[in-house]
Amino acid sequence: MTKKNIFERLRSGEPVNMFEPDYVEAIEEMNRTRMAIFDINHMRPDYIKVHEAFCNIFNEPIDETTNILPPCEIDFVNQVKLGKNVFINHSLCMMSAGGIEIEDGVQIGPQATIVTTNHDFNDHNTLLCKKVVIKKNVWIGCRVTIMPGVTIGKNSVIAGGAVVTKDVPANSVAAGVPAKVIKKFNKFKTMKS
């Protein structure tokens, strides 16, 4: 059996102590990411140059139809996967150690937060991560917080200010703190299925 690397362990939800020797690799990636994001956050808002800078720090190239507006904070870009036609407005915060997957056609409003990390109640130095998945054509409003382990179903809308603590089914509108489904629909004319 092949030993998992630290990033695979974080994505799988395995408890990881931040003081174990393997975590050094995670710290190095976090520092690399944060320095690169710092530089992007201080660039002139030139679409092409900003897009190229993001492409240079992600493991996979970002599709030309996908845009992230700085400033933003991302701690582990190597744990983030972005689809096509994704638009992420300014002031995004991603705590992405556990993995974040954003599929095609997703729109994210300003000041959104996506969290994949929690700590063990009995040992605060131990990380407990859960992946967040945002399915196709989801619209996430301003200042939404998405907590660890959540999957948001395709074509759904998350109202501004919501705190999403549980999965949201496809074709739903969720709002509130904690977010609850307030409406379901069959088709949304302006969204692709």
Enquirer: Could you state whether V77 and I146 fall into the same hydrophobic cluster, counting links through intermediate Ile, Leu, Val, Met, Phe, Trp or Tyr residues with side-chain heavy atoms under 4.5 angstrom apart?
Expert: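 Yes, same cluster.
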Enquirer: Show the nearest heavy-atom pair for residues V132 and M147, with the distance to one decimal.
Expert: CG2-O, 3.6 Å
Enquirer: Which atom pair, heavy atoms only, marks the closest approach of A175 to I182?
Expert: CB-CD1, 3.9 Å
Enquirer: How long is the straight-line distance from CG of D104 back to NZ of K154, given to the nearest 0.5 Å?
Expert: 11.5 Å
Enquirer: Looking at N125, is its backbone amide N or carbonyl O close enough to the side chain of D120 to form a donor-acceptor pair, meaning the two atoms are under 3.5 Å apart?
Expert: no
Enquirer: Mind checking whether Y23 and F7 sit in one hydrophobic cluster, side chains of I, L, V, M, F, W, Y counted as touching below 4.5 Å?
Expert: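 As far as the 4.5 Å side-chain criterion goes, F7 and Y23 are connected within one cluster.
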Enquirer: Do H42 and F38 touch side chain to side chain, with heavy atoms closer than 4.5 Å?
Expert: yes
Enquirer: Could you check whether any side-chain heavy atom of I102 comes within less than 4.5 Å of a side-chain heavy atom of T66, counting everything from C-beta outward?
Expert: no
Enquirer: Could you tell me the separation between the CG atom of L10 and the NZ atom of K131, rounded to the nearest 0.5 Å?
Expert: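 The CG atom of L10 sits 13.5 Å away from the NZ atom of K131.
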Enquirer: Does V163 belong to the same Ile/Leu/Val/Met/Phe/Trp/Tyr cluster as I108, with side-chain heavy atoms less than 4.5 Å apart forming each link?
Expert: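 Different clusters.
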Enquirer: Can you find a pair of side-chain heavy atoms, one from C72 and one from I88, that are under 4.5 Å apart?
Expert: no
Enquirer: Taking the side chain as every heavy atom from C-beta outward, state whether E60 and L82 have any atom pair closer than 4.5 Å.
Expert: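 No, their side chains stay 4.5 Å or more apart.
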Enquirer: Check A53 against M43 and note the closest heavy-atom contact, atom names and distance.
Expert: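 Reported closest heavy-atom pair: CB-SD, 3.8 Å.
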Enquirer: Can you measure from CZ (R11) to CD (E101) and round to the nearest 0.5 angstrom?
Expert: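 Answer for the CZ-CD pair, R11 versus E101, is 11.0 Å.
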Enquirer: Decide yes or no for I57 and I40: does some side-chain heavy atom of the first lie under 4.5 Å from some side-chain heavy atom of the second?
Expert: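 Result yes, sub-4.5 Å side-chain heavy-atom pair found.
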Enquirer: Given side-chain contact (heavy atoms from CB on, under 4.5 Å), test I6 with E20 step by step and report yes or no.
Expert: CA-CA 10 Å; I6 191 69; E20 66 181 70; 4.2 Å; yes
Enquirer: Testing the 3.5 Å rule here: is there a donor-acceptor pair between the side chains of S96 and D75?
Expert: yes
Enquirer: In Å, rounded to the nearest 0.5 Å, how long is the span from CG of D22 to NZ of K3?
Expert: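 Result: 4.0 Å between the selected atoms.
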Enquirer: Might you confirm whether atom NZ of K184 has over 12 heavy atoms from other residues, nucleotides or ligands at distances under 6.0 Å?
Expert: yes
Enquirer: Taking K136 first and then E103, would you say they form a salt bridge - that is, a charged N and a carboxylate O separated by under 4.0 Å?
Expert: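 Looking at K136 and E103, the cut-off is not met.
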Enquirer: Main chain of T151, side chain of D167: is a donor-acceptor contact present, judged purely on distance under 3.5 Å?
Expert: yes
Enquirer: A side-chain contact here means heavy atoms from C-beta on lying under 4.5 Å apart; do R44 and K49 qualify?
Expert: no
Enquirer: Shortest non-hydrogen contact from N155 to F185?
Expert: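 Where N155 meets F185 most closely, the heavy atoms are O-CZ, 3.1 Å.
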Enquirer: Do I134 and I114 have side-chain heavy atoms sitting under 4.5 Å apart?
Expert: yes
Enquirer: Report yes or no: does T65 contribute a side-chain atom to a donor-acceptor pair with the main-chain N or O of N85 at less than 3.5 Å?
Expert: yes
Enquirer: If you count the non-hydrogen atoms of other residues, nucleotides and ligands that lie under 6.0 Å from CD in Q111, is the total more than 12?
Expert: yes
Enquirer: I'd like to know if V144 and V177 are part of one continuous hydrophobic network [Ile/Leu/Val/Met/Phe/Trp/Tyr, side-chain heavy atoms within less than 4.5 Å].
Expert: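 The answer is no; the residues belong to distinct hydrophobic clusters.
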Enquirer: Can you establish whether the number of heavy atoms outside Y47 located under 6.0 Å from its atom OH is more than 12?
Expert: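 Atom OH in Y47 is crowded, with more than 12 foreign heavy atoms closer than 6.0 Å.
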Enquirer: Would you compute the distance between atom CD of Q79 and atom CD of E8 and round it to the nearest 0.5 angstrom?
Expert: 9.0 Å
Enquirer: Would you say V150 and L128 are hydrophobically clustered, going by side-chain heavy atoms of ILVMFWY under 4.5 Å?
Expert: no
Enquirer: What's the shortest heavy-atom distance between M95 and I100, and which atoms?
Expert: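 Between these two residues, the closest heavy atoms are O-CD1, 4.4 Å.
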Enquirer: Has T33 got a side-chain atom pairing as donor or acceptor with F76's backbone, closer than 3.5 angstrom?
Expert: no
Enquirer: Closer than 4.0 angstrom, basic N to acidic O: yes or no for E29 and R32?
Expert: yes
Enquirer: The test is side-chain contact (heavy atoms from CB on, under 4.5 Å); show your working for N67 and F54 and say whether it passes.
Expert: CA-CA 9 Å; N67 294 293; F54 275 115; over 6 Å; no
Enquirer: Please check: side-chain N/O of S156 versus main-chain N/O of V138, any donor-acceptor pairing under 3.5 Å?
Expert: no
Enquirer: Can you measure from CG (N56) to NE2 (H51) and round to the nearest 0.5 angstrom?
Expert: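 Taking CG in N56 and NE2 in H51, the distance rounds to 10.5 Å.
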Enquirer: Is any side-chain heavy atom of V24 less than 4.5 Å from a side-chain heavy atom of F19?
Expert: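 A side-chain contact is absent here, since even the closest heavy-atom pair is not under 4.5 Å.
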Enquirer: Which atom pair, heavy atoms only, marks the closest approach of S12 to K4?
Expert: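 Looks like OG-NZ, 3.5 Å.
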Enquirer: Under the criterion side-chain contact (heavy atoms from CB on, under 4.5 Å), I'd like the reasoning laid out for I48 against E52: C-alpha separation, chi angles, the key distance, then a yes or no.
Expert: CA-CA 6 Å; I48 294 169; E52 287 173 357; 3.6 Å; yes
